[in-house]
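Structure record follows, encoded as structure tokens.
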Protein chains: 2
Amino acid sequence: MGSETKQGDRPTGGATVWDVAQKAGVSAMTVSRVINGNASVSDKTREKVNKAIQELNYQVNVAARAARIGTLRVGLLYSNPSAAFLSAFLVGALGECSQTGAHLILENCDNLRSQRKAIDRLIADGADGILVPPPLCDSKAALKQLAEMGIPSVAVATAKPSQQMSAVRIDDYEGALTMTKHLLALGHTDIGFIKGDPEHTPAQLRYQAFIDAMREAGHHVPAERVAQGMFTYRSGLLAARELLAQPTRPTAIFASNDDMAAAVIAVAHGLHMQVPDDIAVCGFDDTPVATTVWPELTTIHQPITEMARSAVALLVEHIRARRAGQSYMPQHRLMPFTLVERESTEAHE
Amino acid sequence: MGSETKQGDRPTGGATVWDVAQKAGVSAMTVSRVINGNASVSDKTREKVNKAIQELNYQVNVAARAARIGTLRVGLLYSNPSAAFLSAFLVGALGECSQTGAHLILENCDNLRSQRKAIDRLIADGADGILVPPPLCDSKAALKQLAEMGIPSVAVATAKPSQQMSAVRIDDYEGALTMTKHLLALGHTDIGFIKGDPEHTPAQLRYQAFIDAMREAGHHVPAERVAQGMFTYRSGLLAARELLAQPTRPTAIFASNDDMAAAVIAVAHGLHMQVPDDIAVCGFDDTPVATTVWPELTTIHQPITEMARSAVALLVEHIRARRAGQSYMPQHRLMPFTLVERESTEAHE
DNA sequence: CTGAAAGCGCTTACAG
DNA sequence: CTGAAAGCGCTTACAG
């Protein structure tokens with residue numbers, strides 16, 4: 001009936017399966033079947049129902065559904081995250097959850113020792129599936145436990161996802177390739193590189209892509225042009241000093257993330273070098289530090305919010321399939337990245 | 001009964017109001033009354049019920065409650081947030097929401113022009129109340145609209161909350177007082193100060209506290225020791241250059257937030273000054289940049305996560321009261337801050 | 001392929 | 001102060 005209660009009904013309408021059923025001349029049951037799309041309904045019936053849904057602007061009441069079906073709980077295992085990553089991720093995950101009517105529950109797990117406990121806690125809190133962002137998505141132990149427990153889970157932003165598990169990511173290799181080609185196109189041929197933490201899967205791919213692109217362009221990369229970093233600002237400081245202490249300096253430095261690139265700028269300024277005139281600098285990830293420092297950083301943008309949204313959607317699919325007793329194949333989703341050109345690599349002379 | 005369904009029941013138990021009612025020898029209705037605490041129940045009955053709840057480890061099924069009562073939707077109006085603030089805030093808000101069974105819905109509102117629309121959209125999406133973090137909590141227009149619509153809302157981390165509205169914050173004045181006294185205790189008497197964006201209420205209080213603490217300690221603050229900043233890294237760079245270009249330099253600089261303090265360090269290094277030996281530096285807020293830069297920043301920590309939790313609790317109280325037709329008095333909650341001492345102000349000589 | 005019935009766990013009137 | 005009944009909107013068996 002959709003009577004005018006002021007009790008938290010969706011302000012959008014308040015049409016129920018019943019209203020739809022009446023309008024379509026079928027039973028509520030059939031409407032439910034159409035909504036959920038899994039059972040068999042004749043095409044003719046389906047059409048009638050969909051039409052009624054449209055006309056009534058019907059939207060399922062997720063609360064009522066949850067009361068019957070059980071709440072869908074999506075767990076997020078976050079550990080030592082960059083605030084930028086976490087906030088972008090949460091915005092996406094939350095958006096998708098409220099559309100689906102799922103609840104998002106968080107569990108922090110700072111040191112690797114507590115991983116097992118954190119996962120157990122998440123499950124004790126009723127998580128039906130788990131989202132695994134970096135760096136946990138690269139932890140063999142965590143992945144193994146998840147697999148053994150058979151709980152639906154999705155790795156986000158790992159560079160080398162397991163075949164056994166759903167994943168959402170960008171192509172780190174292509175990203176670093178694009179960035180290197182950008183520097184080459186600007187006329188740089190002598191480029192320094194700062195590697196990231198070898199424990200993180202993207203580090204290796206980004207480095208490999210840099211080397212490959214340079215080789216393909218016919219440029220040799222001598223050992224003294226490559227420094228090891230750990231993805232931290234601090235490690236970037238050290239690596240930058242090393243690269244810039246050489247008798248001849250590179251004309252550009254590609255740091256494998258923004259924090260380290262920011263450190264390169266700080267060191268360059270300390271040496272009274274102008275960026276980008278004396279040295280071009282670029283990063284990776286497009287975190288807030290990229291636009292905080294001056295000059296702002298050229299970098300590769302990862303669509304974290306979209307990736308989180310996508311990961312939740314995948315997870316919910318998996319959970320639903322599991323509840324319905326159906327089997328589910330892990331899916332891998334590749335999202336588009338973007339090269340963001342800013343002042344730190346402005347045209348070379 | 002708590003039969004063994006695998007359908008998303010709380011793994012913790014599955015006891016229902018019915019189970020509790022039976023055990024306590026009362027009706028389900030009475031159990032409900034005890035849980036919600038608003039209606040009148042005799043003390044004896046209440047005790048019996050509470051005992052049964054404990055023994056059965058009963059927890060309300062928020063989904064079922066939501067199906068009846070309508071989902072409680074908490075809206076968050078975020079705009080141009082620092083990622084650090086947003087992620088800490090979301091972690092707290094989400095934690096409290098999942099305990100209460102409320103849904104968190106997000107709405108971004110980047111430019112001030114779109115405020116009105118963003119609030120309308122939030123309400124169209126069914127928000128029963130709104131969380132207002134900075135900088136919107138200081139926007140007269142937004143606050144006015146919220147007040148006119150009569151929608152429950154809570155300002156978070158504003159320095160000068162309206163009496164008409166609930167608010168959760170720290171005492172910015174006390175915080176800056178504490179920081180200034182810390183510098184004084186380290187032996188600094190000639191201290192520079194970088195002010196924040198005058199549009200943000202905390203900026204004024206932090207500056208006032210600095211001046212008051214200096215005066216109280218018997219130290220005059222000449223005009224050339226104060227620079228205007230805008231809370232951005234960039235503005236901090238300019239302000240720091242101004243302060244350090246003086247013929248005699250201060251021995252310490254108090255920047256009214258961490259981004260600007262980080263800029264001070266960068267400028268100092270550029271001038272080949274050691275921090276903290278040549279100049280001590282401190283910030284405010286304890287954002288991630290405080291521990292990203294080197295040396296790490298002494299700063300004032302705001303318990304953002306706790307504040308968000310508290311704000312959601314306040315909002316839910318208000319919404320419940322409103323639904324029950326009761327009046328509600330706006331509440332102001334003051335949370336404790338902490339002085340975090342790090343390397344950037346280590347003991348002076 | 002489709003429907004009538006019963007129920008998810010809780011709460012809102014309505015009685016007493 | 002307390003309870004029996006009905007219902008929130010949806011979905012799960014059970015029939016046909």
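Just so we're on the same page: letters track the sequence lines, and every chain starts at 1. Everything numeric here is computed off the predicted structure, so don't read it as measured data.
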Taking only side-chain nitrogens and oxygens of [X], does any of them come within less than 4.0 Å of OP1 or OP2 of [N]?
X	N	result
B:Ser42	D:dC1	no
B:Ser32	C:dC10	no
B:Asn61	C:dC8	no
A:Ser40	C:dC1	yes
B:Ser27	D:dG3	yes

Tell me which nucleotide among [options] gets nearest to the side chain of [X].
X	options	answer
B:Val17	C:dT2, C:dC10, D:dT2	C:dC10
A:Ile69	D:dT11, D:dG3, C:dT2	D:dT11
A:Ala67	D:dT12, C:dC8, C:dT12	C:dC8
B:Arg65	C:dT11, D:dG3, D:dG9	C:dT11
A:Thr30	C:dT2, D:dT11, C:dT11	C:dT2
B:Tyr58	D:dC10, C:dG3, C:dC10	C:dC10
B:Met29	C:dT2, D:dG3, D:dC10	D:dG3
B:Thr16	C:dC10, D:dT2, D:dG9	C:dC10

Query raised in the report: How does DNA chain D look in dot-bracket form if you count Watson-Crick and G-U pairs under 3.5 Å, write [ ] for pairs that cross, and put | where a base pairs with another strand?
Result: |||.||||||||.|||
Query raised in the report: Can you tell if the side chain of A:Leu77 reaches within under 4.5 Å of the side chain of A:Leu122, non-hydrogen atoms only?
Result: yes
Report summary line: 5'-most contact on DNA chain D (nearest-nucleotide basis), A:Val31 vs B:Val26, goes to B:Val26
Query - B:Gln163 CD: over 12 foreign heavy atoms closer than 6.0 Å - result: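 Not more than 12 within 6.0 Å, no.
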Query raised in the report: Should A:Leu314 and A:Tyr328 be marked as a side chain to side chain contact (heavy atoms under 4.5 Å, CB included) after you check the CA-CA gap, both sets of side-chain angles, and the distance that decides it?
Result: CA-CA 11 Å; A:Leu314 235 42; A:Tyr328 184 83; 4.2 Å; yes
